[in-house]
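Structure first, then comments.
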Amino acid sequence: MSQNIPKTELLYQKSKPVDHLSISDGISLMIQEQKNAALEVKKASKSINFSTNKIYEHLMLNLKGRLIYVGAGTSGRIGVQDGVELFPTFNWPKKRLDFIIAGGKRAFLNAVENAEDDIIKAKEVVTKKLVNSKDVVIGLAASGNTPFTCKVLEESNKKGALTIAISNNPNGKLLSFGKCKIILDTKEELISGSTRLKAGTAQKICLNIISSMVMVKMGRVKDGIMCQMVPTNKKLRDRKIRIDRQL
């Protein structure tokens, strides 16, 4: 039975259950598991490097192409978290950024019933968003099997988009729909099935690296400085003045 269950859903058995530990021991174990999440990203560095180069090349060839993040639940929100930072940090054009989240905008703050299983909606939104061969579509799924995300990547492939599949399950179906595949094998969660923990951490680190390095390659960083930062408040306006002086 367990052979068909993603590792991210299995029971953590490397210690007593977390609710049987002291707060101090629970914190120590959580910190160690977060370190392990980072190590899994390191193991995937070759596929991250390959994907980053492919994204950079694709966006440079298609100057109107978009970065589109796709996911459901925690994975979808992590995609949004990475993407929304690209405008203020790198002045990445808002029109070249989009999100496809199971359940739509409501799902940012609420769990939307059955949204991650809705493959009909997945097909509809790919059409509605006008996904095309100029775009890069990044799909994230901790289980690797989320029907909505799998269907979005499958349909995006048909449109000729560059698809990136990021799965925390080495056997995830999502991987079969990605032209670039990244496996972040974070295994069991300390709180069984709570992929907002290790799986989410690994996804966030992975996206941070990919988007940052794509922007670096595009010349949006100079001498390690955010040379195209958009100052949207007093703190950032002050920072922009310091940056301009440094440059």
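The closest side-chain heavy-atom distance from C206 to L184 is below 4.5 Å. For the pair I182 and F50, the minimum side-chain heavy-atom distance is 4.5 Å or more. By the 4.5 Å heavy-atom criterion applied to side chains, L190 and L29 are counted as neighbours. Using a 4.5 Å cut-off on side-chain heavy atoms (C-beta onward), F148 and V125 make contact. C180 places a side-chain heavy atom less than 4.5 Å from the side chain of L162. Side chains of L140 and T149 form no contact here, defined as non-hydrogen atoms less than 4.5 Å apart. Between P17 and H20, some side-chain heavy-atom pair lies under the 4.5 Å cut-off.
Remark: of the listed residues T89, I138, D82, L67, D82 is the sole one forming a side chain to side chain contact (heavy atoms under 4.5 Å, CB included) with S211. Applying the side chain to side chain contact (heavy atoms under 4.5 Å, CB included) test between T52 and each of V214, I164, V216 identifies V214 as the sole match.
Under the salt bridge (Lys or Arg N to Asp or Glu O under 4.0 Å) criterion, the residue pairs touching residues 62-80 are R66-D98, R66-D135, with sequence neighbours excluded. Note on residues 10-35: pairs passing salt bridge (Lys or Arg N to Asp or Glu O under 4.0 Å), not counting sequence neighbours, are E33-K198. Pairs of residues two or more places apart, or lying in two chains, that qualify as salt bridge (Lys or Arg N to Asp or Glu O under 4.0 Å) and include a residue from residues 156-165 are E155-K158.
Remark: the backbone N or O of I209 is not paired with any side-chain donor or acceptor of S212 at under 3.5 angstrom. Here the side chain of K187 pairs no donor or acceptor atom with the backbone of L10 at under 3.5 angstrom. For N49 (side chain) and S45 (main-chain N/O), no donor-acceptor pair under 3.5 Å exists by modelled atom type. In this structure, S194 contributes its side chain and I191 its backbone to no donor-acceptor pair below 3.5 Å. With hydrogens and angles disregarded, no donor-acceptor distance shorter than 3.5 Å links the side chain of D117 to the backbone of A115. Proximity of a side-chain donor or acceptor of H58 to a complementary backbone N or O of G65 within less than 3.5 Å is not detected. Checked by atom type and distance alone, the side chain of S75 never pairs as donor or acceptor with a backbone atom of G71 at under 3.5 Å. Of the possible polar contacts, none joining the K222 side chain to the C227 backbone as a donor-acceptor pair under 3.5 Å is found. Side chain of N168 to backbone of S143: no donor-acceptor contact under 3.5 angstrom is found. Of the possible donor and acceptor atoms, one in the side chain of K181 sits under 3.5 Å from a partner among the backbone N and O of G178.
Not counting sequence neighbours, Y56 has no partner by the side-chain hydrogen bond (donor to acceptor under 3.5 Å, both in side chains) test. Residues meeting the side-chain hydrogen bond (donor to acceptor under 3.5 Å, both in side chains) test with Q81, sequence neighbours left out: none. Under the side-chain hydrogen bond (donor to acceptor under 3.5 Å, both in side chains) criterion, K54 pairs with no residue at all, not counting sequence neighbours. In this structure I120 satisfies the side-chain contact (heavy atoms from CB on, under 4.5 Å) test together with D118, E124, sequence neighbours excluded. Scored by the ring pair (Phe, Tyr, Trp, His ring centres under 6.0 Å) test, F99 finds Y69 as partners (sequence neighbours excluded). Among residues two or more places apart in sequence or in another chain, the side-chain hydrogen bond (donor to acceptor under 3.5 Å, both in side chains) test is passed with T163 by N157. In this structure, the salt bridge (charged side-chain N to carboxylate O under 4.0 Å, His left out) partners of K151, at least two apart in sequence or on a different chain, are E154.
Other residues sharing the hydrophobic cluster of L61, ordered by chain and number and joined by side-chain separations under 4.5 Å: none, the residue standing alone. Counting side-chain heavy-atom gaps under 4.5 Å among Ile, Leu, Val, Met, Phe, Trp and Tyr, the cluster of I31 also holds I23, I27.
Minimum heavy-atom separation, G139 to L174: O-CD2, 3.6 Å. Nearest heavy-atom pair across G26 and V18 is CA-CG2, 4.5 Å. Nearest heavy-atom pair, A44 versus S47, reported as atom, atom and distance to 0.1 Å: O-OG, 2.9 Å. Counting all heavy atoms, side chain and backbone alike, S167 lies closest to N169 at OG-O, 2.7 Å.
Electrostatic pairing of K7 and D185 counts as a salt bridge here, judged by a charged N lying under 4.0 Å from a carboxylate O.
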Derivation and outcome, side chain to side chain contact (heavy atoms under 4.5 Å, CB included), residues I183 and L175: CA-CA 8 Å; I183 298 170; L175 297 167; 3.8 Å; yes
Full working for side chain to side chain contact (heavy atoms under 4.5 Å, CB included) between L97 and W92: CA-CA 8 Å; L97 177 70; W92 181 250; 4.2 Å; yes
CA sep, side-chain torsions, deciding dist, call: M218, M60, side chain to side chain contact (heavy atoms under 4.5 Å, CB included): CA-CA 8 Å; M218 288 185 155; M60 290 300 288; 3.9 Å; yes
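The closest side-chain donor-acceptor pair between T8 and E189, if any, does not fall under 3.5 angstrom. In summary, the side chains of T186 and E40 do not present any donor paired with an acceptor at a separation below 3.5 Å, with no hydrogens or angles considered.
Heavy atoms from other residues, nucleotides or ligands lying under 6.0 Å from NZ of K123 number 12 at most. By the 6.0 Å contact criterion, NZ on K134 is open, its count of non-hydrogen atoms from other residues, nucleotides or ligands being 12 or less.
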